[in-house]
Amino acid sequence: MADRIGAPPRAWQRMLSGRRLDLLDPSPLDVEISDIAHGLARVARWNGQTVGDHAFSVAQHSLVVERILRGLCPEASASSRLAALLHDAPEYVIGDMISPFKAVMGGGYKDCEARLQRAIHLRFSLPAALGEKLKKEIKRADQIAAYFEATELAGFSTAEAAKYFGRPRGPSADGLDLSPRPARDVERDFLERFEALDAARRV
């Protein structure tokens with residue numbers, strides 16, 4: 001429903017948990033992991049242009065990225081791995097815009113994404129801004145995941161995927177869960193992985 005004439009536009013979204021998340025000034029108190037898992041499990045990567053009976057969701061991608069980070073950096077702390085799992089968490093609110101569209105949108109999208117990421121990190125006791133080393137490690141894992149998703153699911157040739165995402169050196173798709181699965185199953189797995197990492201860092 002449209003906002004009343006003359007009223008300021010609504011800038012919050014109601015979540016299934018009952019929270020209202022303000023996109024202009026998101027509060028960590030309004031961030032719930034159940035909402036993140038539910039939303040990400042229903043947001044399709046690659047605008048849904050992937051093979052299979054189900055969408056390959058952002059939640060499943062996030063699980064793959066965290067798995068790759070573990071392989072690249074066996075010494076990574078549970079907090080670092082949790083940051084990898086949550087690297088695309090703002091997309092539970094703003095969706096997964098493909099990179100070409102982000103380039104068209106410019107700074108406004110990135111500002112909104114950064115505000116949401118900061119609130120999510122604070123909610124789960126992660127640094128508001130990650131260190132450069134960890135950011136690069138997560139980015140590398142993200143690019144490796146994108147390469148394998150592109151070639152295994154989205155119809156890219158290996159040459160085309162290498163051009164845009166780089167060719168992985170060392171890691172292979174073996175052991176990665178790249179079979180698109182039902183949203184409910186992925187939501188459960190995402191929550192279980194979050195809980196395991198959250199518990200591990202408190203030991």
**Message:** Using salt bridge (charged side-chain N to carboxylate O under 4.0 Å, His left out), reason through D189 and R181 one step at a time and then give a plain yes or no.
**Reply:** CA-CA 11 Å; D189 290 352; R181 297 191 292 115; 2.7 Å; yes
**Asked** Any side-chain donor paired with an acceptor under 3.5 Å for S17 and D35?
**Response** yes
State plainly whether one hydrophobic cluster holds both [X] and [Y], where clusters connect Ile, Leu, Val, Met, Phe, Trp and Tyr through side-chain heavy atoms under 4.5 angstrom apart.
X    : Y    : value
L134 : V64  : no
V65  : V186 : no
W46  : Y147 : yes
L29  : L126 : no
M15  : W12  : no

**Request:** Kindly indicate, with the supporting measurements, whether the criterion side chain to side chain contact (heavy atoms under 4.5 Å, CB included) is fulfilled by D22 and D30.
**Result:** CA-CA 8 Å; D22 187 334; D30 291 325; 5.9 Å; no
**Message:** Quick check: H87 with H61 (ring centres under 6.0 Å apart)?
**Reply:** yes
[Y] and [X], any side-chain heavy atoms less than 4.5 Å apart:
X    : Y    : result
V43  : S57  : no
V58  : Y92  : no
L153 : F148 : no
T151 : S157 : no
R123 : E32  : yes
L116 : E113 : no

**Asked** Got a sec: does the CZ of R42 have more than 12 other heavy atoms crowding it under 6.0 Å?
**Response** yes
**Message:** Tell me if the CZ atom of R188 is crowded by more than 12 foreign heavy atoms within 6.0 Å.
**Reply:** yes
**Asked** By side-chain hydrogen bond (donor to acceptor under 3.5 Å, both in side chains), which residues pair with E152, not counting sequence neighbours?
**Response** none
Atom [atom1] in [X], atom [atom2] in [Y]: separation rounded to 0.5 Å?
X    : Y    : atom1 : atom2 : result
R201 : L197 : CZ    : CG    : 8.5 Å
I138 : L72  : CD1   : CG    : 11.0 Å
R118 : H121 : CZ    : NE2   : 11.5 Å
L24  : C112 : CG    : SG    : 7.5 Å
L85  : S62  : CG    : OG    : 6.0 Å

**Aromatic plane relationship, F156 with F165 - under 30° parallel, 30 to 60° tilted, over 60° perpendicular** = tilted
**Candidate pair F194 and F124, rule ring-ring contact (aromatic ring centres under 6.0 Å, His included), full reasoning** = CA-CA 10 Å; F194 172 88; F124 301 118; 5.1 Å; yes
**Asked** Listed by chain and number, what are the salt bridge (Lys or Arg N to Asp or Glu O under 4.0 Å) partners of E66, not counting sequence neighbours?
**Response** R70, R193
**Request:** Check the pair R140, E137 against salt bridge (charged side-chain N to carboxylate O under 4.0 Å, His left out), reporting the backbone distance first and the verdict last.
**Result:** CA-CA 5 Å; R140 183 184 174 205; E137 290 169 344; over 6 Å; no
**Prompt:** Is it true that D198 and R202 have a side-chain N and a carboxylate O under 4.0 angstrom from each other?
**Reply:** yes
If you look at every heavy atom in [X] and [Y], which pair is closest and at what distance?
X    : Y    : result
V51  : P180 : O-CG, 3.5 Å
Q143 : Y164 : NE2-O, 4.0 Å
A44  : A55  : CB-CB, 3.7 Å

**Sidechain-backbone polar pair: Q60 side chain, S179 backbone, donor-acceptor under 3.5 Å** = yes
